[in-house]
Amino acid sequence: MAAGALPGFRDFYPDEFALRAHIFRAWRNVARRYAFVEYDGPPLEPLDLYTKKSGDEIVGQLYNFVDKGGREVTLRPEMTPTFARMVAARANAIRKPVRWFSVPQLFRYERAQRGRLREHFQLNVDIVGEPSELADAELLSVAIDIMRELGLGPDDVRARVSDRRLLNALLVEIGVTEEQLPTVYAVLDKFARQPHQISIDKMAAAGLEPKTIDAVMAFGEAGTLADLRERFKHSEALAPHFERFGRYLDHLHAQGNGAWIDLDLTIVRGLAYYTGTVFELFDAKGELRAICGGGRYDNLLQALGGVDLPALGFGMGDVVLGELLKERGLVPAATGNAADLYIVGGDGVLAHGVANALILARHLRRTGFSVDYALSADKYVSQASRNQLDSARKSGARAAIAFDSEDQVVVQGLFGKVSEAPKHHFDAAPLLDGDTMAYAALKDWIDRNIPSRQTD
RNA sequence: GUGGCUGUAGCUCAACUGGUUAGAGCACCGGUCUGUGGCACCGGGGGUUGCGGGUUCAAGUCCCGUCAGUCACCCCA
């Protein structure tokens with residue numbers, strides 16, 4: 001086997017590129033529908049943009065090197081630091097709330113696995129400057145609408161939501177101390193992936209009381225907000241958190257997203273910078289990695305950019321999403337980019353040499369059609385028309401156009417039985433003269449009689 | 001970074017306990033068919049069996065290494 005792409009990197013053949021373009025289209029369509037505007041930054045960044053906040057151990061995960069000017073640089077592993085820098089630099093000039101999105105290619109030097117490569121494209125959607133939970137609902141609604149745009153429903157994808165502030169208050173309420181919080185977060189994060197006894201042992205080792213451990217384990221079993229509220233209705237400390245989270249869920253319901261949402265206190269999100277709502281999108285079967293994750297990170301812009309603005313956002317990668325779409329048969333037809341018209345020789349080919357085919361193609365393309373033909377003048381003249389038609393059919397073209405005789409061209413559909421396919425003759429002379437009306441008539445006939453390619 | 005599994009044509013797979021020149025379907029290329037053709041039929045190109053060593057009279061098959069893929073850890077975008 002010939003040397004392929006680097007490990008964890010992808011070659012995008014046309015079929016694969018079609019899927020990628022399909023995903024990008026959905027991302028951009030929905031983001032724009034929510035009035036977000038697109039930005040981008042450099043794919044190569046100074047190394048310390050990431051080491052400053054995360055420490056040197058993160059370097060092991062980066063695609064970093066020294067450039068010819070002696071600078072420590074790295075391919076960007078995430079978009080948030082770049083985003084924070086850009087917003088911070090113009091914090092006073094940008095109208096708030098900021099609604100920005102980006103589709104960067106991100107890089108990470110890690111051993112590749114299914115759904116996890118060394119490179120991926122990730123939609124980043126962020127809102128800056130708005131502390132209200134309505135912004136949180138708006139953000140998640142974007143993510144859910146993208147699922148809809150791609151043909152996925154609440155039976156395919158679940159949105160698991162939580163809130164760090166609520167969780168924190170709950171943990172304090174049941175007696176978890178400040179020092180024990182990281183352990184408990186780690187346990188919750190791995191709740192579904194790790195045997196319960198190990199979780200219990202870890203918490204016991206961290207000094208949690210058996211009663212507190214039981215309470216934490218109970219948080220792992222998803223319930224509704226109402227259940228949780230009922231259990232802790234006596235707590236005054238928790239009341240405001242329940243109210244705020246309740247408003248968040250109310251907004252999501254009003255946005256039509258209620259059927260997608262599950263409360264799940266085990267959604268912690270690895271990095272510690274989340275300060276409020278957090279959410280992840282998963283395939284409903286739970287076979288794949290998370291499709292999307294995000295939440296509120298009110299302190300991050302201060303830490304990274306030096307401006308104190310509340311912010312929230314999510315990232316959604318193309319890899320897991322693509323796997324899910326493939327699994328559900330929601331990938332676009334491979335022939336989606338095939339030509340509208342394929343020029344074949346026909347019986348009039350000797351009177352109309354290849355030059356006339358080129359003239360015809362020129363005017364058809366000017367009219368807006370995509371036009372294909374065999375790039376061999378010999379073949380155009382000498383290969384049997386039916387073989388040329390076979391080639392046209394295989395190319396995925398919707399219709400063929402041929403010089404049927406000395407003074408006529410014929411357009412015929414390339415679907416269904418040949419004998420039943422729509423067919424129409426046009427005078428060749430005005431078409432070769434580039435007569436606009438003749439092409440308008442031809443286009444009109446095609447629009448009426450040649451359906452768009454089905455996914456058959 | 002650690003460990004398990006896998007690696008034959010572009011794809012899906014064959015090749016009995018090691019034994020002739022590694023096969024088939026699909027795909028691709030050319031042709032035949034005056035025609036129910038979204039066929040059919042004929043022909044063609046394409047493999048150092050991932051790569052490198054070793055054992056053997058003989059290796060796609062057994063052993064070691066390596067690379068790649070995959071799964072579980074680690075980590076999380």
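Sequence lines set the chain letters: A, B, ... in the order given, protein chains first and strands last, and positions in each chain run from 1.
With P as the reference atom, rG10(B) and rG46(B) are 12 Å apart, rounded to whole Å. For the P atoms, the distance from rG25(B) to rC63(B) is 33 Å, rounded to whole Å. Comparing rU55(B) with rG47(B), their C1' atoms are spaced 25 Å from each other, to the whole Å.
Atom-to-atom, CZ of R393(A) to P of rG38(B) comes out at 5 Å; the value is rounded to the nearest Å. Separating the CG atom of L389(A) from the P atom of rU34(B) is a distance of 15 Å, rounded to the nearest angstrom. Distance, R116(A) CZ to rA77(B) P: 9 Å, rounded to whole Å.
Helical stems involving RNA chain B, defined as 3 or more consecutive Watson-Crick or G-U pairs under 3.5 Å, span B:1-7 with B:67-73, B:10-13 with B:23-26, B:28-32 with B:40-44, B:50-54 with B:62-66.
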Is there any protein nitrogen or oxygen under 3.5 Å from a nitrogen or oxygen in nucleotides 28-30 of chain B, and what are the pairs?
from    : atom 1 : to      : atom 2 : distance (Å)
rG30(B) : OP1    : K379(A) : NZ     : 2.4

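Put simply, the side chain of R111(A) and the base of rG3(B) share a donor and an acceptor less than 3.5 Å apart.
Ranking rG4(B), rC74(B), rG35(B) by closeness to the K190(A) side chain, first place goes to rC74(B).
RNA chain B is contacted by both L106(A) and P7(A); P7(A) maps to the nucleotide lying nearer its 5′ end (nearest heavy atom per residue).
A donor-acceptor pair shorter than 3.5 Å can be found between the side chains of S141(A) and N257(A).
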